[in-house]
Amino acid sequence: MGNKIAGHKFVPYGRQWIEEDDIQAVVEVLRGNYLTTGPKIEEFESKLAEAVGAKYAVAVSSGTAALHAACFAAGINRGDEVITSPMTFAATANCVLYMGARPVFADIDPQTYNIDPSDIRKKITPKTKAIIPVHFTGQPCAVDEIMDIARQYNLAVIEDGAHALGAEYNGRRIGAIGDMTTFSFHPVKHITTGEGGAVTTNSRELYERLLMFRSHGITREAAKLTDSHGPWYYEQQFLGYNYRMTDIQAALGVSQLDKLDRFLRKRREYADRYNRAFEGFDGVVPHYQPPNSISAWHLYVIRLELEKLRASRKQIFEELLARNIGVNVHYIPVYYHPYYRKMGYGKGLCPNAETFYERAITLPLYPKMEVEDIDYVIKNVKAVVGKYRVSTIKPGTDG
Ligand SMILES: *Cc1c(COP(=O)(O)O)cnc(C)c1O
């Protein structure tokens, strides 16, 4: 460790919070009869559905599996187009490719960083089958406008809620507005099962398709079988996967879900503290919060006003890292990746997303942080950014 970083431990951008009762819940399953496809799965699913206000939840092995299952259940096929945001983790677009369909990127709104409904309209063609909006950082996207577009053009809406467990839009939790909503329980997300994910929905039909997709497309339900050979009989009716979550994971999920509100309170308290610190601080723009929603604050992203600074984002990023702050960047626009470039996507597709990408830095935010960690980050962001401000800026705003 260099001398500059002495005095403060490394603060990662996100991490889990596992307590003794979480460990006990897992140990209990390990001592019991079911390691997988047991009662903890349904317990977790009904608790999750209740937490987000949906009728059904299907637990799967990851957030990516949840997106894949939702695309399958929505009937997305070879040749279809699906509109999504480039400002997301690659999985949100990859799931479209899994179906042999084509992701079409609509640009983001420069203020909210969420997919811009007016650009969705521009990207609709006769091949468009669905929209996958992302609630980037936990800030709900323009759900009402997107649902209006979906109704007008008869499109499915799959919300990628990986950042948005506990987020609220017009007084309702994210999870039961679009046709399906997907969640991830990766350790940096709101609650964790190690790896894990889920799809929530209000549709019985989608729910049943999701359940079968999770397990090879197999059913044992008498009403669904086309034949009957005896009590052992089951049928595979379409090509599914093994995307099951284990009971070990579900037990952890049940225990973690009980803490969701406490975790959310902490995230919101810390985000508030960052917001107050950076409000009016030249060079740094906090994330705009629309009045009709409450963010779940998965990420705390600042946007640098590079025109006011004599340093690049990279320089500032590296200096913060050298001060033991686990900064990150969310996200590299999905279509910048070589795999997407090879398919013909390229720079210039979504100018707002590209401009945002060049200026974004994610600061550490997770419930297990201490207030002192937040203050350490604030102090250092102000010191590093302040150092590079062009001198024409009015003094006295950097409290
Ligand atoms: C984490 C994440 C995913 C993928 O979830 P996994 O559980 O890691 O597969 C998908 N979309 C977004 C926006 C994410 O942040």
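Start at 1 and go down the list; that is how both ligands and their atoms are numbered.
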One pair per line, please: each N/O atom of ligand 1 matched with every protein N/O atom under 3.5 Å away, atom names first, then the distance to 0.1 Å.
unit_1   : atom_1 : unit_2 : atom_2 : d
ligand 1 : 5 (O)  : S184   : OG     : 3.3
ligand 1 : 7 (O)  : G63    : N      : 2.7
ligand 1 : 7 (O)  : S184   : OG     : 2.7
ligand 1 : 9 (O)  : G63    : N      : 3.3
ligand 1 : 9 (O)  : T64    : N      : 2.8
ligand 1 : 9 (O)  : T64    : OG1    : 2.5
ligand 1 : 11 (N) : D160   : OD2    : 2.8
ligand 1 : 15 (O) : H163   : NE2    : 2.8
ligand 1 : 15 (O) : K189   : NZ     : 3.1
ligand 1 : 15 (O) : Y331   : OH     : 3.3

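A cation-pi contact, defined as under 6.0 Å to the ring centre and within 45° of the axis, is absent between R273 and Y300. In this structure, R313 satisfies the cation-pi test against Y357, with its NZ or CZ atom closer than 6.0 Å to the six-membered ring centre and inside 45 degrees of the ring normal. Both tests do not hold together for R323 against Y376: distance to the six-membered ring centre under 6.0 Å, angle to the ring axis within 45°.
Heavy-atom minimum distance, H163 versus H135: CB-O, 3.3 Å.
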Requested in this report: Take Y13 and H330, measure what ring-ring contact (aromatic ring centres under 6.0 Å, His included) needs, and give me the verdict at the end.
Outcome: CA-CA 11 Å; Y13 93 88; H330 295 90; 5.0 Å; yes

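The ring pair (Phe, Tyr, Trp, His ring centres under 6.0 Å) pairs that include a residue from residues 192-212 are Y56-Y207, where partners are two or more places apart or lie in different chains.
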